Amino acid sequence: MIIILKPQATEQDANEILDKIASLGLKPLYMPGVERTVLGALGDERKLNQLHLNSYPMVDEIKPVLSPYKLVSRDMQQHDSVVSIAGVQVGGGKFTVIAGPCSVESEAQLFGVANMIKQQGVPLLRGGAFKPRTSPYSFQGLGLAGLQLLRAAKAQFNLPVVSEIIDPNDAQLMYDYVDCYQIGARNMQNFRLLEAVGKQDKAVLLKRGMSATIEELLLAAEYIVAAGNPNVILCERGIRTFETATRNTLDLNAVAYLKQKSHLPVFVDPSHGTGVKSLINPLSRAAVAVGADGIIVETHLNPKEALSDGHQALTADDFAQLMADLKPFINAAGKRL
Ligand code: PEP
Ligand code: MN
């Protein structure tokens, strides 16, 4: 339920109502805005009837939040959320590029890519240390050694890092090495994992499951926010369809829809979304046009030798072209890099 206060309501008026909400065992939410303050009550909304909030002089309107996801819904918060990844702003008029290899493979590989993207003005480095692979015989990532390389690359190039977490028990360990936890498509509904990152105060890049509906993605985000971490970035990374020409079908409907229904930043992963190198550039431009707040892209200086996803990795030249081609689209969208 959301409770919209009159413009002249004071903080004291708000607190009085918040205390009453809490006394019913509901979770009170305080959302001061520029013009008005909005309050929320999460839990069994029927209990709220006991308060007769309509008769409070400072209450203007009471509206149910109809969507099953509440905290991440635009009904609850009209303005866009801005998420910080170690001081790098995501959302709120920025278009942010995250780039790097699929997997961390070695110091030379990671530092080479980090240096290349840094020269392109990219503010955030990606790289998997724990890789959830379809086959148990594929490269599974360097684990802790990979995290150590990520931390070293961050220090050397001043690039905060994004890396995938696949085990809830790794949340503490990874906290010291990464600036943003990535939840991969295969784990979008791993609820213990969502709760584990929900208890941290670092950003979470939540990828859509390959067969997940948009509502399921938003409910997965709701798990993280309900556990206490509001710093969630949604990521469309392609879904499974009948189409086989591309690895996945990048669902750009979802991006526009998510921007309307949720206040969270929305990213696009055109690398996994297409799985086709030559399509990453056009689909990145489409992502900007449809309202995405950023992209996460796989890059490798020598894709032929990559231990994972080499077929979709952009080389330094491809990446430079992508950045150049994106700029006019970002300007046209009224955003800045
Ligand atoms: C990745 O980012 O390398 C990855 C495994 O992505 P996804 O979970 O979207 O497949
Ligand atoms: Mn990958």
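Note that the structure is a prediction, hence the values are computed from the model and not measured. The figures here come from the full heavy-atom set of this structure, side chains too, leaving out hydrogens, waters and symmetry mates. One-based numbering, in listed order, for ligands and for the atoms of each.
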Novice: Work out the angle at the Mn ion (ligand 2) between OE2 of Glu298 and OD2 of Asp309, rounded to 10°.
Specialist: 120°

Novice: Between Asn248 and His272 (side chain of the first, backbone of the second, donor and acceptor by atom type, cut-off under 3.5 Å), is there such a pair?
Specialist: yes

Novice: Going by the angle between their ring planes, with limits at 30° and 60°, are Phe111 and Phe157 parallel, tilted or perpendicular?
Specialist: perpendicular

Novice: Under a 4.0 Å heavy-atom cut-off, which residues neighbour ligand 1?
Specialist: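 Lining ligand 1: Cys102, Arg126, Lys131, Glu164, Gln182, Gly184, Ala185, Arg186, Lys207, Arg237, His272, Glu298.
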
Novice: From the N, O or S atoms in His272, identify the one nearest to the Mn ion (ligand 2).
Specialist: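 Of all N, O or S atoms in His272, the Mn ion (ligand 2) lies closest to NE2.
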
Novice: Would you kindly say whether Gln321 and Asp317 are connected by a side-chain donor-acceptor distance under 3.5 Å?
Specialist: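 On atom types as modelled, these side chains do not qualify, holding no pair under 3.5 Å.
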
Novice: Give a yes or no answer on whether the side chain of Lys70 reaches the backbone of Ser67 with a donor-acceptor pair at less than 3.5 Å.
Specialist: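 Yes; judged by distance alone, with no hydrogens or angles, the pair exists.
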
Novice: Run the numbers on Asp318 and Lys277 for salt bridge (charged side-chain N to carboxylate O under 4.0 Å, His left out), then give the verdict.
Specialist: CA-CA 9 Å; Asp318 300 329; Lys277 219 165 101 155; 3.2 Å; yes

Novice: Considering the options Asp269, Asp251, Val268, which one meets the side chain to side chain contact (heavy atoms under 4.5 Å, CB included) requirement together with Arg237?
Specialist: Asp269

Novice: If only atom types and distance count, is the side chain of Glu35 paired as donor or acceptor with the main-chain N or O of Pro7 below 3.5 Å?
Specialist: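 Here the side-chain-to-backbone pair does not exist.
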
